[in-house]
Novice: 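I'd like to ask you about the structure that follows.
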Amino acid sequence: MSRPDGYHSRVSDPLARLLAPLVAIATGVLIVGVAVVPLLTPPWVAFAQDRAQATAWTGYTTAELLSATEAILGDLVVGPPTFDVEVRGEAVLNDREREHLRDVREIFAGLAILVVAGVVVLIVGRLRLGVDRLRASARAGATGTVVAVVVAGIVAVAAFDTAFEIFHRLFFAGGTYTFDPDTERLVQLFPNQFWIESTAAAGIVIAAVGLLVRRVTRPRDLA
C-alpha cells in the first residue's frame with residue numbers, strides 16, 4: 001500500500017514529531033473542557049443541590065437557594081467575580097469564601113486558555129500532520145484520557161475524601177479551602193454529596209466523550 005503524498009516529509013519534520021504528542025494532550029484537554037461545561041449550568045447544579053438537600057443545610061427556600069446559586073455561577077463563569085449575593089438582606093458568603101471562589105475562577109480561566117490552545121494545536125496539527133496522523137494522535141489522547149478517568153474513578157470510590165484533599169492541595173493554598181458546614185454557606189450551598197455526585201458525573205461525561213472521540217478517530221479502514 002502506497003503512502004499518501006507528503007508522508008515522508010511529514011515524518012521527518014521536527015515540528016510534526018512534536019505535534020503528534022501535543023495533539024494527544026490537546027485532545028485530552030478538550031475532552032475535559034467539553035465535559036465540564038454542563039456541570040456548570042443551573043439545571044445540573046440545582047439537581048445536585050436538591051439531592052444533597054442544600055435547602056435543609058442553608059435554611060433557604062428553594063427560590064432563595066436558586067437565586068443565590070445562579071448569582072454565584074454567574075460571577076464564577078461570566079464575572080465580575082464579586083460573589084456579593086445577598087439573601088434576606090444578608091451577604092451569603094464571607095470574605096474567605098469569596099476569595100476561594102475567585103481562586104476557583106482562576107482555575108477555570110486557566111482551563112479555558114488551555115482549551116483555546118488545544119484548538120490551535122489541532123488546527124496546526126491538521127495542517128502539518130495530515131488527517132491520518134492527526135486522527136491517530138487524537139485517538140491516543142482520547143484513550144489516555146479514558147484510562148486516566150477510570151483510574152481516578154477507582155481511586156475516588158476507594159477514598160473520595162483523600163482524593164478530594166489531594167486535588168485541593170494541588171490547586172489551592174493550604175487553609176483556603178476548608179470551611180465549617182455549621183456556619184459557612186459555601187459548604188451548605190454545595191454539600192459533600194453534591195461534590196461526590198458531581199465528580200462522578202464529570203467522570204462519566206469525560207469517559208463518554210473520550211469513547212466518542214475514539215470511535216470518530218478510528219482508522220478509516222475500520223470505520
Side-chain angles (χ1 to χ4, degrees), residues 25-26 28-42 44-49 51-54 57-58 65 68-87 91-118 144-145 148-207:
I25 294 170
V29 170
L30 288 171
I31 289 171
V32 173
V34 168
V36 164
V37 170
L39 301 180
L40 292 174
T41 60
W44 166 260
V45 174
F47 169 77
Q49 283 180 317
R51 288 184 53 80
Q53 299 183 323
W57 281 98
T58 59
L65 180 69
T69 301
E70 288 185 347
I72 290 170
L73 287 176
D75 287 358
L76 184 65
V77 177
V78 180
T82 56
F83 302 105
D84 57 357
V85 60
E86 295 184 352
V87 170
V92 172
L93 305 172
N94 62 33
D95 290 340
R96 288 184 64 248
E97 291 168 315
R98 288 194 289 268
E99 190 60 36
H100 177 64
L101 285 173
R102 292 187 188 102
D103 292 340
V104 172
R105 190 171 192 268
E106 289 183 4
I107 299 297
F108 282 125
L111 177 59
I113 292 171
L114 288 176
V115 167
V116 173
T145 303
V149 79
V150 169
V151 172
I154 294 172
V155 172
V157 169
F160 178 82
D161 289 342
T162 300
F164 198 69
E165 175 70 17
I166 291 173
F167 171 84
H168 280 76
R169 286 185 180 181
L170 289 174
F171 291 101
F172 304 105
T176 64
Y177 55 84
T178 54
F179 301 96
D180 186 349
D182 291 329
T183 59
E184 295 180 291
R185 294 294 191 192
L186 189 58
V187 286
Q188 294 175 353
L189 288 164
F190 309 104
N192 194 50
Q193 185 179 342
F194 173 93
W195 293 112
I196 291 173
E197 296 190 0
S198 293
T199 301
I204 291 169
V205 176
I206 290 170

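Keep in mind it's a predicted model, so treat the numbers as computed, not measured. Because only heavy atoms are used, hydrogens play no part in the values below, and waters and symmetry mates are left out as well, while side chains stay in.
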Novice: Of the non-hydrogen atoms in Trp44 and Pro38, which two are nearest, and what is the gap between them?
Specialist: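 Heavy atoms only, the tightest pair is CB-O, 3.5 Å.
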Novice: Hey, what do you get for CZ (Phe179) to CD (Glu97), rounding to the nearest 0.5 Å?
Specialist: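 Answer rounded to 0.5 Å: 5.5 Å.
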Novice: Give the minimum heavy-atom separation between Ala54 and Leu65, together with the two atoms involved.
Specialist: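 Distance-wise, the nearest heavy atoms are CB-CD2, 3.8 Å.
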Novice: Counting N and O atoms only, with roles assigned by atom type, does the side chain of Arg185 sit under 3.5 Å from a partner on the main chain of Asn94, one being a donor and the other an acceptor?
Specialist: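 The answer is no, because no donor-acceptor pair under 3.5 Å joins these two groups.
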Novice: Look up atom OG1 in Thr199 and atom CZ in Phe164, then write down how far apart they are to the nearest 0.5 Å.
Specialist: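 Taking OG1 in Thr199 and CZ in Phe164, the distance rounds to 6.5 Å.
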Novice: Give a yes or no on this: more than 12 heavy atoms of other residues, nucleotides or ligands lie within 6.0 Å of atom CD of Glu70.
Specialist: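 For Glu70, atom CD is crowded (more than 12 foreign heavy atoms under 6.0 Å).
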Novice: List the steps, then state whether side chain to side chain contact (heavy atoms under 4.5 Å, CB included) holds for Thr58 with Val92.
Specialist: CA-CA 10 Å; Thr58 59; Val92 172; over 6 Å; no
Novice: Any ion pair linking Glu99 and Arg102 (charged N to carboxylate O, less than 4.0 Å)?
Specialist: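 A salt bridge links Arg102 with Glu99.
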Novice: On a heavy-atom basis, which atom in Leu73 and which in Val45 lie closest, and how many Å separate them?
Specialist: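 Scanning both residues, the minimum pair turns out to be CD1-CG2, 3.9 Å.
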Novice: Where does the angle between the aromatic ring planes of Phe167 and Phe171 fall among parallel (under 30°), tilted (30 to 60°) and perpendicular (over 60°)?
Specialist: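 Aromatic pair Phe167/Phe171 classed tilted.
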Novice: Quick check for you: to the nearest 0.5 Å, what is the distance between Thr69 atom OG1 and Leu189 atom CG?
Specialist: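 So the OG1 of Thr69 and the CG of Leu189 are separated by 5.0 Å.
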Novice: Under the 3.5 angstrom rule, does the side chain of Arg98 hit a backbone N or O of Asp84 as a donor-acceptor pair?
Specialist: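 The answer is no, because no donor-acceptor pair under 3.5 Å joins these two groups.
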Novice: Quick one: do Glu165 and Arg169 make a salt bridge, cutoff under 4.0 Å?
Specialist: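 Judged by the 4.0 Å cut-off on N to carboxylate O distance, Glu165 and Arg169 do form a salt bridge.
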Novice: Working note: Thr178 + Glu184, criterion side chain to side chain contact (heavy atoms under 4.5 Å, CB included); need CA distance, chi angles, decisive distance, verdict.
Specialist: CA-CA 10 Å; Thr178 54; Glu184 295 180 291; over 6 Å; no
Novice: If you round to the nearest 0.5 Å, how far is CD1 of Ile25 from CG of Leu30?
Specialist: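 Those atoms lie 12.0 Å apart.
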Novice: Please step through side chain to side chain contact (heavy atoms under 4.5 Å, CB included) for the pair Phe108 and Leu40, ending with a clear verdict.
Specialist: CA-CA 11 Å; Phe108 282 125; Leu40 292 174; 3.9 Å; yes
Novice: Please give me the minimum heavy-atom distance between Ala163 and Val155, naming the atom from each residue.
Specialist: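 In terms of heavy atoms, the two residues are closest at CB-CG1, 4.4 Å.
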Novice: What heavy-atom pair brings Ala68 and Val87 nearest, and what distance separates the two atoms?
Specialist: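 Smallest interatomic distance, heavy atoms only, reads CB-CG2, 4.0 Å.
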Novice: Drop me the distance from Leu76's CG to Ile107's CD1, to the nearest 0.5 angstrom.
Specialist: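 One finds 11.0 Å between CG of Leu76 and CD1 of Ile107.
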Novice: Would a 4.5 Å heavy-atom cut-off, applied to side chains only, mark Leu114 and Val32 as touching?
Specialist: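 Contact flag for Leu114/Val32 side chains = no.
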Novice: Rounded to the nearest 0.5 Å, how far does CG of Leu101 lie from CZ of Phe83?
Specialist: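 Between Phe83 CZ and Leu101 CG, I get 4.5 Å after rounding to 0.5 Å.
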Novice: Spell out, as yes or no, whether a donor-acceptor pair under 3.5 Å connects the side chain of Gln193 to the backbone of Arg51.
Specialist: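 Yes, the answer is positive, given that a donor and an acceptor are paired below the 3.5 Å cut-off.
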Novice: Can you establish whether the number of heavy atoms outside Trp195 located under 6.0 Å from its atom CH2 is more than 12?
Specialist: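 12 or below, so no.
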Novice: Could you tell me if the side chain of Val187 sits less than 4.5 Å from the side chain of Asp180, heavy atoms only?
Specialist: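 Of all side-chain heavy-atom pairs linking Val187 with Asp180, none is under 4.5 Å.
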Novice: To check you understand the geometry: which heavy-atom pair defines the closest contact between Arg105 and Asp75, and what is its length?
Specialist: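 So the two residues come closest at NE-O, 3.1 Å.
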